[in-house]
Amino acid sequence: MYQAVKGTQDILPADRAYWRYVTEQMHAVSALFGLQQIDTPIFEETSLFVRGVGEGTDIVDKEMYSFQDKGGDDLTLRPEFTAGVMRAFIEHGMHVLPRPVKLYSIGPIFRHEAPQAGRYRQFHQFNVEMLGEMDPAVDLDVMSVAWMLLTRLGYRGLNFQLNSTGCRKCRPGYRAALVDYFKAYEDRLGDVDRRRLAINPLRLLDSKEPAVQPLLDAAPHSADHLCDECATHLAGLRGYLAALGMPYTINFRLVRGLDYYTKTVFEVWAEGIGSQSAVCGGGRYDGLVEELGGPPTPGIGFAMGIERVIASLKQQGITPPALAEPRVQVSPLGEAARLPAIRLVNDLRAAEIGALLAFGGRSLKSQLKSADKAGVAYTVILGDTELANGVAVVRDMASSQQETVAADGIVDWLRARVIRNT
RNA sequence: GUGGCCAUAGCUCAAUAGGCAGAGCAUCUGGUUGUGGCCCAGAAGGUUGCGGGUUCAAGCCCCACUGGCCACCCCA
């Protein structure tokens, strides 16, 4: 039997209310911030991601779905949004737009990882980018999008993890300080951590090795090695966060897996959804647009994992509003009533009243049973007797009261009640 | 990619120590003329994830594969 490819999943109707709820809130909150929606292709030239995300990152080195198409082009299913959005920003000359340029996207992302709860090979992200402005108030604006969205979805006790990883000027110094510090303890490091020390020492801060933990406490903090510009930027952002009362924890061990981040990095964690607790992560990437061939343009953004958000909503017992369902069923009795019933259902839908036809010519008992299961408010019963008299019987399913209504007035009769009910 | 645990009806789970594969929920039908929910009866639903092996006999033991979960790793 066929089954969904490893790490992919079907989003079934039973989950649709969550998806609708979450994505509607994403659009609504984006509108409040003046974010405009942009949809870029699901695949791009492979080299765009290699340059954008960075060689040596896990994403580029081992997680990309890359392939050659029939024309021999090297393409990759997007493993993140930012590189593609930056490509579009540059390609369409969006740097001439009033700044900051505020963009958001919603769609699938692909990474070849070992699947686990909350971690999939195809998953969905809500992505926000603000381009062209250095002001730390933009950092605040971006973080506020995540904050307001999660708050509106029902999260309580939110807390940002915040750090600054410096910039091109000050990061090399910090990196050197880290290497110096850990070199002294190299014999205590495991293979993995020793490799990190050589390749990407910042990642050592993220180590879970028990033997390394005591070392981490005394390791140099990035915050102590920031240049004046980066330090001022971070101080400015912290002032704004405090002013808005948005709680955050300075987490000097917070590093992100993409090379392009500068200065501000942040994450939001949700508890109780397994080990994949980062529900949202992002940061500033002031050199990226230039790196990809555009004009020097600072930027900051974040991505939020929709599957993880939904998992944590469920875990917290937050239920989304129900989706709209048909409020009326039309039940014909006997062959003669079928055509009038089909016409009535059609008229009801044309009048914006959701309506179901009872199929199959079953007994009235069986038809009422199905109406009950469908959860409709009214069932219109149309049999020989009613046809002969030019009427229909309308049954209120909640009260079991029935009323005889003139056939040509049924749509109006129902419109008056169903709208009140919904 | 590495290691551990797991896989029985659509769902949640049973099946004594290898010995005829079951229940609840869900689905469909019926409980007397054209009236739902509760209740009762019945039906349908399975190559026990896939493929091998051991055995008189395998859901149960062994091997490989696939998938899920957990940890590592990484991140959303």
Side-chain angles (χ1 to χ4, degrees), chain A residues 1-9 12 14 53 57-63 78-82 106-128 146 161 190-193 195-196 200 203 206-210 254-258 265-270 273-282 301-312 329 331-334 337 358 360-387 393-402:
Chain A
M1 196 167 68
Y2 284 114
Q3 47 189 321
V5 171
K6 179 174 182 166
T8 69
Q9 55 179 347
L12 300 173
V53 177
T57 60
D58 279 4
I59 289 180
V60 167
D61 286 355
K62 45 191 201 198
E63 296 177 3
R78 63 182 178 206
E80 58 117 39
F81 266 113
T82 302
I106 296 174
I109 294 292
F110 305 85
R111 293 184 195 171
H112 189 98
E113 290 195 87
Q116 225 169 294
R119 196 169 77 185
Y120 307 100
R121 289 182 172 182
Q122 179 183 166
F123 61 100
H124 296 74
Q125 287 187 342
F126 169 57
N127 185 263
V128 167
Q161 303 287 311
D191 290 346
V192 175
D193 284 337
R195 204 164 59 238
R196 286 166 155 169
N200 192 348
R203 289 238 75 90
D206 211 21
S207 174
K208 274 101 189 168
E209 286 287 328
L254 180 64
V255 288
R256 318 218 66 251
L258 292 78
V265 292
F266 67 91
E267 290 187 356
V268 179
W269 297 345
I273 55 170
S275 54
Q276 311 303 318
S277 59
V279 84
C280 167
F302 72 82
M304 187 178 287
I306 298 181
E307 283 85 353
R308 287 187 188 174
V309 167
I310 289 174
S312 73
Q329 176 174 293
S331 293
L333 293 175
R362 280 192 273 271
S363 69
L364 179 58
K365 176 197 184 89
S366 156
Q367 295 193 35
L368 281 170
K369 234 177 216 176
S370 70
D372 187 50
K373 275 166 196 152
V376 298
Y378 295 95
T379 299
V380 178
I381 299 167
L382 214 49
D384 293 338
T385 322
E386 290 75 21
L387 284 179
V393 169
V394 184
R395 180 180 182 84
D396 180 326
M397 296 302 286
S399 68
S400 298
Q401 300 289 309
Q402 297 192 167

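In this model, a side-chain donor or acceptor of A/Q402 finds a partner on the base of B/U35 within 3.5 Å. A donor-acceptor contact under 3.5 angstrom links the side-chain atoms of A/E386 to the base of B/G34. Donor-acceptor pairing under 3.5 Å, judged by distance alone, is present between the side chain of A/R119 and the base of B/C73.
Here A/E63 contributes atom CD and A/R121 contributes atom CZ; the two are 10.0 Å apart, rounded to the nearest 0.5 Å. Here the CD atom belonging to A/Q125 is positioned 8.5 Å from the CD1 atom belonging to A/I306, to the nearest 0.5 angstrom.
The separation of B/U29 from B/G37, taken at their P atoms, amounts to 12 Å, rounded to a whole angstrom. Taking atom C1' in both B/C39 and B/G22, one finds a spacing of 24 Å when rounded to whole Å. On the C1' atoms, B/C63 is 23 Å away from B/G1, given to the nearest whole Å. Separation of the P atoms belonging to B/C6 and B/A15 is 15 Å when rounded to the nearest angstrom. As rounded to the nearest Å, B/G49 and B/U16 have C1' atoms that lie 26 Å from one another. If you take atom C1' in B/C13 and the same atom in B/G59, they sit 14 Å apart, rounded to whole Å. If you take atom C1' in B/C61 and the same atom in B/U48, they sit 15 Å apart, rounded to whole Å. When the C1' atom is used for both B/A57 and B/A21, the distance is 15 Å, rounded to whole Å.
In this structure, the nucleotide among B/G67, B/U35, B/G37 sitting nearest to the side chain of A/D372 is B/G37. Nearest nucleotide to the A/Q3 side chain, out of B/G31, B/C70, B/U66: B/U66. Considering only the side chain of A/R395, B/U35 comes nearest among B/C69, B/U35, B/G30.
Judged by closest nucleotide on RNA chain B, A/K373 is the one of A/K373 and A/F123 placed further toward the 5' end. Remark on RNA chain B: of its neighbouring residues A/S366 and A/T385, the 5'-side contact belongs to A/S366, judged by nearest-heavy-atom nucleotide.
Across all their heavy atoms, A/T379 and A/A371 have their closest contact at OG1-CB, 3.4 Å.
Of the N and O atoms on the side chains of A/Q367 and A/R362, not one donor lies less than 3.5 Å from an acceptor on the other residue.
Taking atom CD1 of A/I59 as the reference point, atom P of B/A76 lies 6 Å away to the nearest angstrom. Look at CZ on A/R111: it is 6 Å from C1' on B/A76, rounded to the nearest Å. Separating the CD atom of A/Q122 from the C1' atom of B/A76 is a distance of 14 Å, rounded to the nearest angstrom. Protein atom NZ of A/K6 is 10 Å distant from nucleotide atom C1' of B/G68, rounded to whole Å.
Looking at heavy-atom distances under 4.0 Å, A/G7 makes contact with sugar-phosphate atoms alone, never a base. No engagement by A/F302 is indicated, since no non-hydrogen atom pair under 4.0 Å with the nucleic acid exists. Contacts of A/A303 with the nucleic acid, taken as non-hydrogen atoms under 4.0 Å apart, involve only primed sugar atoms and P, OP1 or OP2. Looking at heavy-atom distances under 4.0 Å, A/I381 makes contact with a base. Residue A/A114 is in base contact, counting any heavy-atom pair closer than 4.0 Å across all strands shown.
No donor-acceptor pair closer than 3.5 Å links the side chain of A/R395 to the backbone N or O of A/V380. When atom types are taken as modelled, the side chain of A/E307 and the backbone of A/H124 share a donor-acceptor pair closer than 3.5 angstrom.
Base pairing of B/G34 is not made with any nucleotide, judged by Watson-Crick or G-U wobble geometry with both donor-acceptor distances under 3.5 Å. Look at B/G24: its Watson-Crick or wobble partner, with both distances under 3.5 angstrom, is B/C11. Base pairing analysis places B/A64 opposite nothing; no Watson-Crick or G-U wobble pair with both distances below 3.5 Å involves it. Applying the Watson-Crick and G-U wobble criteria (two distances, each under 3.5 Å), B/U54 pairs with nothing in any strand. Nucleotide B/A17 forms a pair with no other nucleotide shown, judged by Watson-Crick or G-U wobble geometry with both contacts under 3.5 Å. The pairing partner recorded for B/C72 is B/G1, the criterion being a Watson-Crick or G-U wobble arrangement whose two distances lie under 3.5 angstrom.
Taking 4.5 Å as the limit, some side-chain heavy atom of A/V393 sits within range of a side-chain heavy atom of A/E386.
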